[in-house]
There are 2 protein chains.
Amino acid sequence: MAKNEFVCDCNVIHQNVVDNTSKSMLDADTFNKLAEFFKILGDITRVKILFALDQNEMCVCDIANVLKMSKSSISHQLGTLRRSGIVKCRKSGKEVFYMLDDNHIKEVFEIGLEHIEHKK
Amino acid sequence: MAKNEFVCDCNVIHQNVVDNTSKSMLDADTFNKLAEFFKILGDITRVKILFALDQNEMCVCDIANVLKMSKSSISHQLGTLRRSGIVKCRKSGKEVFYMLDDNHIKEVFEIGLEHIEHKK
DNA sequence: TTGACAATTGAATACATATTCATATATAAT
DNA sequence: ATTATATATGAATATGTATTCAATTGTCAA
């Protein structure tokens with residue numbers, strides 16, 4: 001069903017709540033970017049990489065060692081993180097050092113950890 | 001390759017960086033839960049639902065109207081959110097009202113929005 | 001008790017994506 | 001130049017998941 005043809009299949013709705021909430025919703029693009037941001041954080045390998053990079057800048061091989069995973073897999077994930085603007089890198093000879101490029105990562109991790117703690 | 005059989009295929013690694021970072025890494029369970037938390041937030045439908053519920057508690061039908069999506073789809077997502085402890089609900093007759101059950105959602109959204117703003 | 005309806009749930013489908021494998025690129029050393 | 005190596009990348013596979021559709025549950029009203 002196309003979005004703009006949507007007709008509610010309920011008889012009882014709280015129209016004023018629906019209207020007020022609808023007005024305060026953000027635009028589709030913002031919701032998309034928000035979901036994309038969290039989707040990037042929603043993978044255990046990327047979470048580990050970001051947590052590690054929060055400690056030190058590291059080359060691909062270092063990260064592969066810390067995570068005990070293949071360099072190829074790490075490199076793919078670093079590409080994803082780089083394209084989404086969460087990490088950046090600098091080259092030094094054959095090595096490429098990665099580091100965080102977003103100062104919100106630490107904060108967002110802390111809140112995530114609070115959530116986990118709270119749910120225990 | 002099993003994790004505990006992992007042998008690095010690099011010649012040059014920064015052993016002390018790897019060692020120090022490895023020591024400061026969290027346990028696997030915590031990383032898993034952290035990734036799970038963000039994974040839940042990493043879907044545009046769930047982001048919209050949570051943003052809406054941050055304004056008002058709402059029944060399934062209300063949410064379906066605000067998002068212009070089917071009740072079934074919304075109900076499935078609410079189930080996911082409920083099972084992960086992010087929303088809770090109360091029944092009132094035939095209706096079920098959902099509300100946030102995690103006071104970190106608002107904070108984490110704000111940081112996400114800052115990230116988006118910063119990357120423009 | 002029967003009908004209507006809000007919500008849930010299971011199965012199926014369609015789509016996204018993480019890792020692996022093979023290969024390519026770039027840089028340093030010989 | 002040639003070799004070794006750190007990283008990147010494309011394709012394939014396997015796995016996960018969002019939505020739809022159909023059916024079911026639970027509650028209210030007649």
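Proteins get letters first, then strands, A, B, ... in listed order; numbering begins at 1 in each.
Nearest heavy atoms, Cys59(B) versus Glu95(B): SG-OE1, 3.7 Å. Here the shortest heavy-atom pairing between Leu67(B) and Met25(A) reads CD1-CE, 4.1 Å. Of all heavy-atom pairs spanning Phe38(A) and Gly112(B), the tightest one is CZ-CA, 4.4 Å.
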Report task. Begin from the C-alpha positions of Met58(A) and Leu53(A) and carry the test side chain to side chain contact (heavy atoms under 4.5 Å, CB included) through to its verdict. Result -> CA-CA 7 Å; Met58(A) 278 189 282; Leu53(A) 291 181; 4.1 Å; yes
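Comparing atom distances between the Ser73(A) side chain and each of dT19(C), dA8(D), dA7(C) picks out dT19(C) as nearest. Distance from the side chain of Cys61(B) is smallest for dA7(C) among the nucleotides dA18(D), dA7(C), dT20(D).
For Asp29(B), the salt bridge (charged side-chain N to carboxylate O under 4.0 Å, His left out) criterion is met by Lys33(B), not counting sequence neighbours. Residues forming a salt bridge (charged side-chain N to carboxylate O under 4.0 Å, His left out) with Glu36(B) (at least two apart in sequence, or on another chain): Lys39(B). Among residues two or more places apart in sequence or in another chain, the side chain to side chain contact (heavy atoms under 4.5 Å, CB included) test is passed with Ser73(B) by Met69(B), Ser70(B).
Where Arg46(B) and Cys89(A) each meet DNA chain D at their nearest nucleotide, the meeting point lying more 5' is that of Cys89(A).
Within residues 25-37 of chain A, no residue approaches DNA chain C, by heavy-atom distance under 4.0 Å.
The phosphate of dA6(C) has neither OP1 nor OP2 within less than 4.0 Å of any side-chain N or O from Tyr98(B). Close to dT7(D), at under 4.0 Å from its OP1 or OP2, lies no side-chain N or O of Ser75(A).
In this structure, Glu95(A) atom CD and dA4(D) atom P are separated by 19 Å, rounded to whole Å. We find that CZ of Arg83(A) is positioned 11 Å from P of dA18(C), with the value rounded to whole Å. The NE2 atom of His14(A) sits 14 Å away from the C1' atom of dA7(C) (whole-angstrom rounding). Atom CD in Gln77(B) sits roughly 11 Å away from atom P in dT17(D) (whole-Å rounding). In this structure, Met58(B) places its CE atom 16 Å from C1' of dA7(C), rounding to the nearest Å. Atom NZ of Lys68(A) and atom P of dT19(C) are 16 Å apart (whole Å). When the P atom of dT7(D) is taken as reference, atom CD1 of Ile13(B) falls 11 Å away, rounded to whole Å. Between the CG atom of Leu78(B) and the P atom of dT9(C) there is a distance of 11 Å, rounded to whole Å.
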Pick out the pairs of N or O atoms, protein on one side and nucleotides 10-12 of chain D on the other, that lie under 3.5 Å.
| residue | atom | partner | partner atom | Å |
| --- | --- | --- | --- | --- |
| dG10(D) | O6 | His76(A) | NE2 | 2.7 |

Nucleotides 26-30 of chain D: which of its N/O atoms have a protein N/O under 3.5 Å away?
none

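Between His115(A) and Phe37(B), the ring-plane angle classifies as parallel under the 30° and 60° cut-offs. Ring orientation note: the planes of Phe51(A) and Phe31(B) are nearly perpendicular, at an angle over 60° on the 30°/60° scale. Ring planes of His104(B) and His118(A): perpendicular class, angle over 60° (limits at 30 and 60°).
One distance of note links CD1 of Ile74(B) with CG of Asp62(B); it measures 11.0 Å at 0.5 Å rounding.
Counted by atom type alone, Thr45(B) and Gln77(B) present zero donor-acceptor pairs between their side chains at under 3.5 Å.
Within 4.0 Å of Thr80(A), counting heavy atoms only, lies no atom of the nucleic acid at all.
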